[in-house]
Amino acid sequence: MKIFVCEFITGGGLYREPLSAALAGEGTLMRDALLRDLAQLPDIVISTSYDSRLPAPQHINQVVTISEQDDAWTIWNECISDADAVWAIAPETDGILAKLTALVQYHNKILLGCGMQAVEIATSKMKTFQILQAASINTVPCYTAGSWPSEEPGPWVAKLDDGVGCGGTVCFDNSAQLAAWLLDISDTKYIIQPYLLGIPASLSILCKQGHAWLLSCNQQKVTLENSKFSYHGSILNGMAEYWPAFEQLANQIAAAIPTLAGYIGVDVIVHKTQIEVLEINPRLTTSYVGLQQAIGCNPAGLVLDLFYNDDFNLPEISRNMVDVSLNA
């Protein structure tokens, strides 16, 4: 089976833009972990593309170099056409993941991830909040920039509705600071959430047709400095004591959004006695980098089994603690 792995950042998505070292580093970690896992499986031919400014990837059978004079989307179109299945890793911001998903579906290829409906829901933090709230799932309240309750004191967090990670996320001590900041911005895609003190965490799960299988419970390494959040990695199974509660939450989310498919990351905040959902990532997350070591088996093999086996069952997995650091 020919699988095309398309990681947007390292794969040439920024071929005519400056290449951020931080983004390239995080993308390389995810891509290389996935390529390694796929290479360990039998009867798989792996293809990918890479930005010519970066080192060539390993663990692949076919590779295409993308330079400034090339058009990444044209090359990806050809690679997708030539593949049997596609594993897409791309940011939701500005509809990039949706565009890549639509291209795979246009060619009628197996998409080893979420289809368009789930991508469109998870791309929007507001849509995600509305659906989860309707399903009575604890979710951090979400307001538009024009409808947040300014009479409440705060603190508040402003973030892009389709933002990824900590990018563009700003914290404000009080409502007056937030109101003044909103007067100075022109971007209407910001949503407002209350800032909750607690432990930032995430779930790594598999989803299919309304069912979920929890793979790991992760503590996220997030810092807040000068009103800006920074993500530094995660400790897989650093929140393993919450396994029963996280497992219940995973099943509730899958039931509320049954079109979620494949590997899914869910960001949460463990606030007092509550677990509150922040957002859903309909794609590989950085925690995947340590997942094989954490669970004691090949997660890419599990995803292929999930998509190709109607009677998928999660084998017995380990709950090892694994530290994934972005800037050690």
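All figures in this text were calculated on a predicted structure; none of them were measured in a lab.
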Counting only heavy atoms not in [X] (residues, nucleotides, ligands), do more than 12 fall under 6.0 Å from its [atom1]?
| X | atom1 | value |
| --- | --- | --- |
| Glu225 | CD | no |
| Gln117 | CD | no |
| Tyr106 | OH | no |
| Gln209 | CD | no |
| Asn226 | CG | no |
| Gln58 | CD | no |
| Glu316 | CD | no |
| Gln252 | CD | yes |

[X] side chain to [Y] backbone, donor-acceptor under 3.5 Å:
| X | Y | result |
| --- | --- | --- |
| Thr28 | Ala24 | yes |
| Asn218 | Gln220 | no |
| Thr48 | Val5 | yes |
| His271 | Gly198 | no |
| Asp267 | Glu279 | no |
| Asn237 | Ala240 | no |
| Arg16 | Asp70 | yes |
| Gln177 | Asp173 | yes |

Would you call [X] and [Y] a salt bridge, taking side-chain N to carboxylate O under 4.0 Å as the test?
| X | Y | answer |
| --- | --- | --- |
| Asp305 | Lys208 | no |
| Lys99 | Asp94 | no |
| Lys109 | Asp84 | no |
| Glu68 | Arg53 | no |

Report yes if the side chains of [X] and [Y] come closer than 4.5 Å at any heavy-atom pair, otherwise no.
| X | Y | result |
| --- | --- | --- |
| Thr144 | Met126 | yes |
| Phe312 | Phe307 | no |
| Met321 | Leu236 | no |
| Pro282 | Leu97 | yes |

Legend entry - Parallel, tilted or perpendicular: ring planes of Trp156 versus Tyr143, cut at 30 and 60 degrees: perpendicular
Legend entry - Trp73 and Trp76 aromatic ring geometry - parallel, tilted or perpendicular at 30°/60° bounds: perpendicular
Legend entry - Reference residue Leu291; test side-chain contact (heavy atoms from CB on, under 4.5 Å); the match among Ile317, Leu215, Thr285: Leu215
Could you tell me which non-hydrogen atom of [X] sits nearest to which non-hydrogen atom of [Y], and how far apart they are?
| X | Y | answer |
| --- | --- | --- |
| Cys6 | Leu100 | SG-CD2, 3.8 Å |
| Cys207 | Ile205 | SG-CD1, 3.6 Å |
| Ile280 | Leu132 | CD1-CD1, 4.2 Å |
| Ser49 | Phe4 | N-CE1, 4.0 Å |

Inset, instruction - Please determine which of Ser216, Ser287, Ser325, Ser204 meets the side-chain hydrogen bond (donor to acceptor under 3.5 Å, both in side chains) test together with Ser234. - result: Ser287
Inset, instruction - Enter the distance from Thr123:OG1 to Met116:CE here, rounded to the nearest 0.5 Å. - result: 9.0 Å
Inset, instruction - Drop me the distance from Gln69's CD to Ser52's OG, to the nearest 0.5 angstrom. - result: 7.5 Å
Legend entry - Within the 6.0 Å centroid threshold, strictly below: Trp181 and Tyr190: yes
Inset, instruction - Apply side chain to side chain contact (heavy atoms under 4.5 Å, CB included) to the pair Ile110 and Val86, showing each step before the final yes or no. - result: CA-CA 6 Å; Ile110 297 294; Val86 178; over 6 Å; no
